[in-house]
There are 2 protein chains.
Amino acid sequence: MNSLFNFFKGYNSLSKEAEKAIAEISKIVAVKKNTDLQPIGHTCKTIYFINKGVARIYYFKDGTDITECFAFENNIIARVESLFTGKPSRKAIQILEDSEVVAINSTQLFKLYDKYPEIERLFRLIFESAYVDTVNRIESIQFHSAEERYNSLIKEEPNVLKRVPLKYVASYLGITQVSLSRIRGIK
Amino acid sequence: MNSLFNFFKGYNSLSKEAEKAIAEISKIVAVKKNTDLQPIGHTCKTIYFINKGVARIYYFKDGTDITECFAFENNIIARVESLFTGKPSRKAIQILEDSEVVAINSTQLFKLYDKYPEIERLFRLIFESAYVDTVNRIESIQFHSAEERYNSLIKEEPNVLKRVPLKYVASYLGITQVSLSRIRGIK
DNA sequence: GGAAGTATTTAACATATGATAAATAATTAC
DNA sequence: GTAATTATTTATCATATGTTAAATACTTCC
C-alpha cells in the first residue's frame, strides 16, 4: 500500500489514523492480463490504484470496442460516471498486463468521509485534478487533428505504444485502427 | 441569493450558518450583454451562478474563437482548469444577454472548507457532477457525427439556439459555422 | 515448432467536414 | 430610418478520416 499512500501525499497528506482506515477497506489484488476487473452493467463500487501494470476503461459503441482511457503505475482508475451517480456503468475496466492493483471499496470510502474530512478532501482534490485533465482532453479531441493527437500522445505517454495494442490506442485517439496505421506510416 | 441556495439543495443541504458564510463572500452583479466577466490570462478566483441570463466560456485557438461551454439560469460556471490549478486561465467568461449573476469568491470559499465540511462536501458534489458531464461530453464529441451532436443539442437544450448566436454554437459542437449552417439546411 | 488466431499494415474508394468566397439577412448605431 | 456592421447561408473545391478488403506480421498454444 506504500505507493498508494505516496500517491495520496501529492494531494493531501493523511494522518496515520486516516491511512489505517483506508487500508482497512482496501485490498491488494493480482490480476492476469486481459481480465475484466469490472464488467459492463455493473455499478462501480471500487476505485483502483495501479501498483504494477496497465488498465483501460472501455465500452462498446455500435458493436465496436472503444477505449476511454488508460491507467499506468501509480495512478487511479474508476468509472466515475457510475461511481458518482450510483447508476450501472456501460463501461468496463480491463487489465492489459499481468498487474497488481489496490482495490478501494468506494461505498465504505464514502462513509469514511463523515469521520475523516481529510479523506474527503483528499479524494476531492484527486478528482478535481482528474476533472481538469478531462476538460483539457476535450480541447485536444475537438481541435487537433488525429495526427497531432497521436504525436502528443507519443510525447507525453511514450509507454502507451509499447505496452498497449494499437487497436486500443486508435479508439482512445478517436480514430479507426486503419487511420492510426496510416498516420504512423507517414513518419 | 435564494435561487443559489435552492441550487445547492440539489447537492447538499446547508445549515443556516453555512449559508450565511457563503452569502458573506458572494455578491449579486448585473452584467451587460457581451461583456467579459473574466478576461483571458486572469487566474480564476470566482465561481459564478447565473440568476438570469446566459454565459459562455471561450478561448482562442489559432486566432479563432472557440466556445467551451454555455451556462443558463440556475447553473454554475467557472474556469476549472484555472480554479483548481491556480494557473492563469487561457479562457474567458462572457455574458451573452443582459444578466444577473452571483459571484462567489473562490479564495474565501476554499477557506470556508476548513470551518464548514458541509460546504466542502457541497462543492465536491457539484464538481463531481460537472466532471461526470464532461466525461459524457467526450463520448459525444468523439463518436457522434456533427449532425448527431446538433440534433441532441436542440433536443436537450432547445433554448441555446434561440438565445445564443449560431457561431458560438458551432464551435461548441466542434465544427465551423459553415458546417453548422449546412447541417441546419438539410432539415 | 507449426497451426490457428490476432494484430497491424496497405490499398482503393467514399464521405463528412474544412476553407474560401460571395450573397443575404439581421442587428446596431448614429 | 438609413448606413454600417455583424451574423447566417449557399456554393465550390480540398482533404482528413472512414470503410472494406486483402496482405503481412506477430502471438499463443498444443
Side-chain angles (χ1 to χ4, degrees), chain A residues 32-36 53-54 56 58 60-67 70 94-98 138-154 158-187, chain B residues 32-36 53-54 56 58 60-67 70 94-98 138-154 158-187:
Chain A
K32 283 280 174 203
K33 179 171 177 171
N34 288 334
T35 49
D36 273 7
V54 196
R56 67 171 185 133
Y58 73 97
F60 290 98
K61 158 83 185 163
D62 299 336
T64 51
D65 175 314
I66 306 290
T67 296
F70 300 106
Q94 184 186 31
I95 293 294
L96 300 178
E97 285 175 359
D98 292 355
I138 286 191
E139 198 181 323
S140 147
I141 293 171
Q142 215 164 6
F143 302 107
H144 292 89
S145 68
E147 190 176 348
E148 287 171 318
R149 279 175 273 147
Y150 174 73
N151 286 331
S152 54
L153 180 68
I154 53 180
N159 303 323
V160 178
L161 297 183
K162 288 171 201 142
R163 299 175 68 181
V164 171
L166 288 175
K167 59 177 177 172
Y168 296 156
V169 174
S171 64
Y172 172 75
L173 291 173
I175 55 178
T176 61
Q177 188 178 1
V178 174
S179 287
L180 176 57
S181 205
R182 177 164 38 202
I183 287 166
R184 285 159 55 79
I186 291 167
K187 313 204 82 180
Chain B
K32 283 280 174 204
K33 179 172 176 169
N34 286 335
T35 49
D36 272 7
V54 196
R56 68 171 184 131
Y58 74 96
F60 290 97
K61 160 79 186 164
D62 299 336
T64 52
D65 175 314
I66 306 289
T67 296
F70 299 107
Q94 184 187 31
I95 293 293
L96 300 178
E97 285 174 0
D98 293 355
I138 286 192
E139 198 182 324
S140 148
I141 293 170
Q142 215 164 6
F143 302 107
H144 292 90
S145 69
E147 190 176 346
E148 288 170 319
R149 279 175 272 148
Y150 174 73
N151 287 331
S152 55
L153 181 68
I154 53 180
N159 303 324
V160 178
L161 298 182
K162 289 172 199 140
R163 299 174 68 180
V164 172
L166 288 174
K167 59 177 177 172
Y168 297 154
V169 174
S171 65
Y172 172 75
L173 291 173
I175 55 178
T176 62
Q177 188 178 0
V178 174
S179 287
L180 176 57
S181 207
R182 176 165 37 202
I183 287 166
R184 284 160 55 78
I186 292 166
K187 313 203 81 184

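Within every chain, numbering begins at 1; the chains are lettered A, B, ... in the order of the sequence lines, protein sequences first and strands thereafter.
Checked against D:dT17, D:dA7, C:dA7, the side chain of A:Gln177 finds its nearest nucleotide in C:dA7. Among D:dT17, C:dT8, D:dT8, the nucleotide with an atom closest to any side-chain atom of A:Ser145 is D:dT17. Among the nucleotides D:dT9, D:dT6, D:dT17, the one closest to the side chain of A:Ile183 is D:dT17. In this structure, of C:dT17, D:dT28, C:dT8, it is D:dT28 that holds the atom nearest to the side chain of A:Lys33.
For the pair A:Glu97 CD and D:dT27 P, the computed distance is 14 Å after rounding to whole Å. Atom CG in B:Leu161 sits roughly 16 Å away from atom P in C:dA26 (whole-Å rounding). Atom CZ of B:Arg184 and atom P of D:dA7 are 15 Å apart (whole Å). Atom P of nucleotide C:dA19 and atom CZ of A:Phe143 are separated by 11 Å, given to the nearest angstrom. In this structure, B:Lys167 atom NZ and C:dA26 atom C1' are separated by 13 Å, rounded to whole Å. The nearest whole Å value for the distance from the NE2 atom in B:His144 to the P atom in C:dT17 is 13 Å. Rounded to an integer number of Å, the gap from B:Tyr150 OH to D:dT8 P is 11 Å. Spacing between atom CD of B:Gln142 and atom P of D:dT17 amounts to 13 Å, rounded to whole angstrom units.
Going from atom OH of A:Tyr172 over to atom CG of A:Leu166 covers 14.5 Å, rounded to the nearest 0.5 Å.
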Under 3.5 Å, N/O pairs linking protein and nucleotides 18-23 of chain D:
from: D:dG18; atom 1: OP2; to: A:Thr176; atom 2: N; distance (Å): 3.2
from: D:dG18; atom 1: OP2; to: A:Thr176; atom 2: OG1; distance (Å): 3.3
from: D:dG18; atom 1: OP2; to: A:Ser179; atom 2: OG; distance (Å): 2.5
from: D:dG18; atom 1: N7; to: A:Arg182; atom 2: NH2; distance (Å): 3.0
from: D:dG18; atom 1: O6; to: A:Arg182; atom 2: NH1; distance (Å): 3.1

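The backbone N or O of A:Lys33 sits less than 3.5 Å from a side-chain atom of A:Asp98, completing a donor-acceptor pair. No donor-acceptor pair under 3.5 Å is formed between the side chain of B:Gln142 and the backbone N or O of B:Glu139. Under the 3.5 Å distance criterion, the side-chain polar atoms of A:Ser179 are left unmatched by any main-chain donor or acceptor of A:Ile175. Within the 3.5 Å criterion, the main-chain N or O of B:Thr67 finds a donor-acceptor partner in the side chain of B:Ser171.
A cation-pi arrangement is present between B:Arg56 and B:Tyr168, with the terminal nitrogen or guanidinium carbon under 6.0 Å from the aromatic centre and inside a 45° cone about the axis.
Between A:Val54 and the options A:Ile95, A:Val160, A:Leu96, a side-chain contact (heavy atoms from CB on, under 4.5 Å) holds for only A:Leu96.
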(Q) Using the rule given for side chain to side chain contact (heavy atoms under 4.5 Å, CB included), can you reason through A:Leu161 versus A:Arg184, listing the C-alpha separation, both sets of side-chain angles and the distance that settles it, and then say yes or no? (A) CA-CA 11 Å; A:Leu161 297 183; A:Arg184 285 159 55 79; 4.2 Å; yes
Q | Pair B:Arg182-B:Gln177, side chain to side chain contact (heavy atoms under 4.5 Å, CB included): steps then yes or no | A | CA-CA 9 Å; B:Arg182 176 165 37 202; B:Gln177 188 178 0; over 6 Å; no
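In DNA chain D, runs of at least 3 stacked Watson-Crick or G-U pairs (N1-N3 plus N6-O4 or O6-N4, or N1-O2 plus O6-N3, all under 3.5 Å) give these stems: C:1-30 with D:1-30.
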